[in-house]
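One structure is given here, and the rest of the page talks about it.
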Amino acid sequence: MMSVTCSNLEFGRTRLDFAACGCSSNVSTNRVTARNFGKGQLKNVNWRAGARRFLGCRRVFSTKTPEAFLDGVAAGPPPALDLAEKEKGLPPMSDMFEVVSDDLLQLNKNLQSIVGSENPVLMSAAEQIFEAGGKRMRPALVFLASRATAEIAGLKDLTKEHRRLAEIIEMIHTASLIHDDVIDESDMRRGKETVHQLYGTRVAVLAGDFMFAQSSWYLANLENLEVIKLISQVIKDFASGEIKQASSLFDCDVHLDEYLIKSYYKTASLIAASTKGSSIFSGVDNAISEKMYQYGKNLGLSFQVVDDILDFTQSAEQLGKPAGSDLAKGNLTAPVIFALEKETKLRDIIDSEFCETGSLEEAIEIVKHSRGIDMARELAREMADLAVENLHCLPPSPFRLSLEQLVNYNLERIK
């Protein structure tokens, strides 16, 4: 029976207390020496034992009105995620968000005032991302967590702060996607051309910067210091994640703890801040807010591991980008890290940075036929189990049920 071991990772609001994890299979005897990570401390803790505690541009201008693109309905072929859902027989993610559908409709209208309409280039850049098949998962999580915790606090409806937080989170996410595509030199996102591919790198960078700036201004106007610190840390985490990734490309000695920390920075940090910030504005006690933070963190990490598995198991059409694209760029994810424990040939190929014709395809096949994907699946399930457990702080409600269903939906993508 497979055994995945990893250390306890603790993510705090203003510091990250990380445990170095020599995450490994049961055949690995290597352990990672404790070390410091910035302000955080790393300690060896067994994953199983500590699991309960863990966790020049081409100008193209849009002819659409701001209202049209903010409706979130894209023309053309169905987004890549929709194709994957249909082929897997999964219910649409939107079904889980039905209980907050009115909130999401209001969000789409309110985003217009945040993006602003005075600059047609920025509007066109925003249109490209908003129409790229996004599911509004992060603002939906804000609404679900807000309504689930508002019931505890006795609130009859969401506050204006709840709604503004959802808009800010979507803006920050959109800005990060634009910058990610520039850094990764990605030509496609969810089956559509990326912003920098259409308008050039300069416009893409400025569009992302503008959205970060707009979201920060609205964040400051919330006048809640705890939430301001929480969300500001997320923007810092994005940069830290990119730096960590860039510094470990093609590094076959990268450990799973480093992968998880990078994944937290790039993905889980924003989701955790979304669910915790929602709870803070509901006025629930700190214990519940922290549980909601842990839920978001574990959900985010599980989603990232699943996405990294799908990079090897789905087609380019399903992914909306070439399969194995992370590996091609030297970004070693969970399936590869696990596969490297036994596949010495894989190490040799990655060390060569795929200099020989067909070597990338060979590396992908090695990963697909190794135990790496199965072990990554187990890791995703463990994260998911922790996320569901974190929700036990909430009373039964349609909103809590949707939060649980989202965790299960994520795992269904890799069955």
Discussion item. Go through it in stages, so that I can follow the logic: the residues are Ile243 and Tyr265, the test is side-chain contact (heavy atoms from CB on, under 4.5 Å), and I'd like the CA-CA distance, side-chain angles, deciding distance and then a yes or no.
Written reply: CA-CA 10 Å; Ile243 292 169; Tyr265 283 148; over 6 Å; no
Discussion item. Looking at Glu365, I want to see if its CD is surrounded by more than 12 non-hydrogen atoms of other residues, nucleotides or ligands under 6.0 Å.
Written reply: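 More than 12 heavy atoms, drawn from other residues, nucleotides or ligands, come within 6.0 Å of this atom.
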Worksheet item: Do other residues, nucleotides or ligands put more than 12 heavy atoms under 6.0 Å from the NZ atom of Lys291?
Response: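 Counting neighbours around NZ of Lys291, 12 or fewer heavy atoms of other residues, nucleotides or ligands fall under 6.0 Å, so no.
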Contact check, side chains of [X] and [Y], non-hydrogen atoms, under 4.5 Å:
X      : Y      : value
Ser279 : Ile152 : no
Glu362 : Lys345 : yes
Ile309 : Val305 : yes
Tyr409 : Asp95  : no
Val336 : Ile350 : yes
Lys368 : Ile373 : yes
Phe143 : Arg163 : yes
Leu346 : Val367 : yes

Looking at [X] and [Y], what are the two nearest heavy atoms and their distance?
X      : Y      : result
Ala153 : Ser282 : CB-O, 3.0 Å
Leu144 : Ser402 : CD2-CB, 3.8 Å
Ile231 : Ala273 : CD1-CB, 3.7 Å
Asn331 : Gln245 : ND2-OE1, 3.5 Å
His196 : Glu185 : NE2-C, 4.1 Å
Ser215 : Met171 : CB-CB, 4.0 Å

Do [X] and [Y] have side-chain N/O donor and acceptor atoms under 3.5 Å apart?
X      : Y      : answer
Asn408 : Glu412 : no
Gln304 : Thr267 : yes
Thr333 : Asp326 : no
Ser269 : Asp237 : yes

So does [X] pair up with [Y], basic N to acidic O under 4.0 Å?
X      : Y      : value
Glu170 : Arg138 : no
Asp374 : Arg377 : yes
Arg347 : Glu343 : no

Worksheet item: So Asp307 and Arg413, side-chain contact (heavy atoms from CB on, under 4.5 Å) or not? Walk me through it.
Response: CA-CA 9 Å; Asp307 279 349; Arg413 296 194 294 150; 2.9 Å; yes
Worksheet item: Looking at the rings of Phe212 and His179, which for Trp means the six-membered one, are their centres under 6.0 Å apart?
Response: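 Distance test on ring centres: under 6.0 Å, yes.
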Worksheet item: Among Ile228, Leu230, Ile235, which residue meets the side chain to side chain contact (heavy atoms under 4.5 Å, CB included) test with Ser232?
Response: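 With Ser232 as partner, Ile228, Leu230, Ile235 yield a single side chain to side chain contact (heavy atoms under 4.5 Å, CB included), made by Ile228.
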Item to complete: Among Leu301, Asp308, Leu332, find the residue that satisfies the side chain to side chain contact (heavy atoms under 4.5 Å, CB included) test when tested with Tyr259.
Response: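 Of the listed residues Leu301, Asp308, Leu332, the side chain to side chain contact (heavy atoms under 4.5 Å, CB included) partner of Tyr259 is Asp308.
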What is the distance from atom [atom1] of [X] to atom [atom2] of [Y], rounded to the nearest 0.5 Å?
X      : Y      : atom1 : atom2 : answer
Phe303 : Ser263 : CZ    : OG    : 14.0 Å
Glu389 : Asn298 : CD    : CG    : 9.5 Å
Ser176 : His173 : OG    : NE2   : 5.5 Å
Leu403 : Ser397 : CG    : OG    : 7.5 Å
Glu290 : Asn390 : CD    : CG    : 11.0 Å
Lys160 : Leu165 : NZ    : CG    : 13.5 Å

Taking [Y]'s backbone N and O only, do any of them form a donor-acceptor pair with [X]'s side chain (distance below 3.5 Å, no angle check)?
X      : Y      : answer
Glu258 : His255 : yes
Arg147 : Phe399 : no
Ser289 : Lys276 : no
Tyr218 : Glu167 : no
Asp285 : Ile288 : yes

Worksheet item: What do the steps show when you test Ile169 against Leu141 for side-chain contact (heavy atoms from CB on, under 4.5 Å), and what is the final call?
Response: CA-CA 10 Å; Ile169 292 297; Leu141 277 169; over 6 Å; no
Worksheet entry | Stepwise side-chain contact (heavy atoms from CB on, under 4.5 Å) check, Ile261 with Tyr264 | CA-CA 5 Å; Ile261 293 168; Tyr264 170 79; 5.6 Å; no
Worksheet item: Which residue, Asp103, Asp102, Asn110, Asn108, forms the side chain to side chain donor-acceptor pair (under 3.5 Å) with Gln106?
Response: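 That would be Asn110.
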